[in-house]
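Since the structure comes first, as structure tokens, the remarks are kept for the end.
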Amino acid sequence: MKDNILKEKEVKSRNRDNFLIKQRAFVKLYLLSWIEQGRPYGKEMLDDFYKTFQHFNFKPNHSEVYKGLHELLDDGIITRSRIIKEGSKRKELKVYEIANKDEAKRYKKQVKEDLDRSIGLLSKAVRDNYA
């Protein structure tokens, strides 16, 4: 039964009606990568987006980043726990970790296919119209 659910999820998320990769998929890819690299805080990842993509004038809004985290949580790919901030009695921080490495790997592979397709379309448009 679980295999059927995964296949249904895969088909649903692999809809090829979209012209280019969706912003949320792009955001979730980086969220997963940063969590894997040990940057477990949402605010820290939001700051990473601003710094990393400033050159491209890409600044996803706060809600887009947290919606991506919530989708990854809902899909069981990551988990969230609360810890007390060091030196504080009450301030809680939410920390994210990879819960299912196989699902994270599968998701990243899927996004790679969409990125390759998008790169191909954009490269062709540049070659055909600006060469």
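Quick caveat, the model's predicted, so the values are computed rather than measured.
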Side-chain ion pair, Asp116 and Lys112, N-O less than 4.0 Å: yes
Examine Ile119 and Ile21 and state if one hydrophobic cluster contains both, with Ile, Leu, Val, Met, Phe, Trp and Tyr joined whenever side-chain heavy atoms are less than 4.5 Å apart. no
Between the CZ atom in Arg24 and the CG atom in Leu72, the distance rounded to the nearest 0.5 Å is 10.0 Å
Are Val95 and Ile98 joined in one hydrophobic group, where the rule is that I, L, V, M, F, W and Y side chains link up if heavy atoms are under 4.5 Å apart? no
Which side-chain N or O atoms in residues 31-40 pair as donor and acceptor under 3.5 Å with protein atoms at least two apart or in another chain?
| unit_1 | atom_1 | unit_2 | atom_2 | d |
| --- | --- | --- | --- | --- |
| Ser33 | OG | Leu29 | O | 3.2 |
| Ser33 | OG | Lys108 | NZ | 3.3 |
| Glu36 | OE1 | Lys108 | NZ | 2.8 |
| Gln37 | OE1 | Arg39 | NH2 | 2.3 |
| Arg39 | NH1 | Asp48 | OD2 | 2.7 |

If you apply the rule side chain to side chain contact (heavy atoms under 4.5 Å, CB included), what do you find for Val111 with Tyr30, and how did you get there? CA-CA 11 Å; Val111 172; Tyr30 274 89; over 6 Å; no
Side-chain polar contacts of residues 54-62 - donor-acceptor pairs under 3.5 angstrom, sequence neighbours left out - could you list them?
| unit_1 | atom_1 | unit_2 | atom_2 | d |
| --- | --- | --- | --- | --- |
| Asn61 | OD1 | Ser63 | N | 3.3 |
| Asn61 | OD1 | Ser63 | OG | 2.9 |
| Asn61 | OD1 | Glu64 | N | 2.8 |

So do the side chains of Ile78 and Glu97 get within less than 4.5 Å of each other, counting heavy atoms only? no
CD of Glu103 to CD of Gln110: how many Å apart, nearest 0.5 Å? 9.0 Å
Derivation of the side chain to side chain contact (heavy atoms under 4.5 Å, CB included) call for Lys94 and Tyr41: CA-CA 6 Å; Lys94 294 176 183 169; Tyr41 306 107; over 6 Å; no
Looking only at heavy atoms, the pair that brings Ala99 and Gly76 closest together is CB-O, 3.7 Å
Honestly curious: do Met45 and Phe53 fall in one hydrophobic cluster under the side-chain, below-4.5 Å linking rule? yes
Could you walk me through whether Phe26 and Phe49 pass the ring pair (Phe, Tyr, Trp, His ring centres under 6.0 Å) check? CA-CA 11 Å; Phe26 183 82; Phe49 270 111; 7.2 Å; no
Roughly how far, to the nearest 0.5 Å, is CD of Glu92 from CZ of Arg82? 5.5 Å
Look up atom NZ in Lys109 and atom NZ in Lys105, then write down how far apart they are to the nearest 0.5 Å. 8.5 Å
According to a 4.5 Å side-chain heavy-atom criterion applied to Ile, Leu, Val, Met, Phe, Trp and Tyr, with indirect links allowed, do Tyr50 and Tyr66 form part of one hydrophobic cluster? yes
Is there a side-chain contact between Asp114 and Lys22 in this structure, where contact means two heavy atoms from C-beta onward sitting under 4.5 Å apart? no
Leu93 reachable from Val65 in the ILVMFWY side-chain graph, under 4.5 Å edges: no
Would you compute the distance between atom CG of Leu122 and atom CG of Leu115 and round it to the nearest 0.5 angstrom? 10.5 Å
Electrostatic pair Asp47-Lys43, nearest N-O below 4.0 angstrom: yes
With distance as the sole test, does Asn100 use its side chain to make a donor-acceptor pair with the main-chain N or O of Asp102 at under 3.5 Å? yes
Check the pair Leu69 / Tyr96 against side chain to side chain contact (heavy atoms under 4.5 Å, CB included), numbers first and verdict last. CA-CA 9 Å; Leu69 284 168; Tyr96 298 91; 3.8 Å; yes
